[in-house]
Amino acid sequence: MFKQVKSALIWYYLFRFRRRVFLIILLLLFAFFTQSIYGDVVNYLTLTHQLHLLKYALFGKWLIIFASLLASIYSLINLFKNINNKNSSTMVPTISSKEQRFREKPQLCSRADQLITRKAKEKAEREQK
């Protein structure tokens, strides 16, 4: 029973935050992919006897790895902040900006309603003359 509940919770959050989880997985894969590219660059530089460029390759590798890890950590932190903010915001009902813009728009009329209104205005103008 506990395994089923745990599995249901994991799948619920995975489905709910699938974009963010996909981004985190992509960034971590990018960090591991950087390591394999670095190995190829080191082999190439040693074969071509350009050892003075190895320090730049090493710096670039670690810069990319740390940047992707920091982006993943930042994304994880914001993921949990969004959960807490959504839980606290459910207590106070608010009108979203989309709903507010929808309420401010004038009533939409069909083409038939527009024709009837125009004919009524023309008839009223004729009667006034």
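Along the sequence shown, the residues carry numbers beginning at 1. Source: prediction; values computed, not measured.
For R118, the side-chain contact (heavy atoms from CB on, under 4.5 Å) partners two or more places apart in sequence, or in a different chain, are L115, E122. When the side-chain contact (heavy atoms from CB on, under 4.5 Å) test is applied to L69, the partners found at least two apart in sequence or on another chain are L28, I65. In this structure, the side-chain contact (heavy atoms from CB on, under 4.5 Å) partners of L23, at least two apart in sequence or on a different chain, are L27, S75. Under the side-chain contact (heavy atoms from CB on, under 4.5 Å) criterion, I116 pairs with no residue, sequence neighbours left out.
Applying the ring-ring contact (aromatic ring centres under 6.0 Å, His included) test to residues at least two apart or on different chains, the pairs with a partner in residues 50-78 are W62-F66. Residue pairs meeting the side chain to side chain donor-acceptor pair (under 3.5 Å) criterion with at least one partner in residues 28-47, sequence neighbours excluded, are Q35-K61.
Taken to the nearest 0.5 Å, the CZ atom of R111 stands 12.0 Å off from the CG atom of D113. The line from OG of S68 to CD1 of I73 is 9.5 Å long, rounded to the nearest 0.5 Å.
Proximity of I37 to V41: side-chain heavy atoms (C-beta onward) are separated by under 4.5 Å at one or more points.
Counting all heavy atoms, side chain and backbone alike, L45 lies closest to A57 at CD1-CB, 4.4 Å.
F33 is connected to L58 through a chain of hydrophobic side-chain contacts under 4.5 Å among Ile, Leu, Val, Met, Phe, Trp and Tyr, so both are in one cluster.
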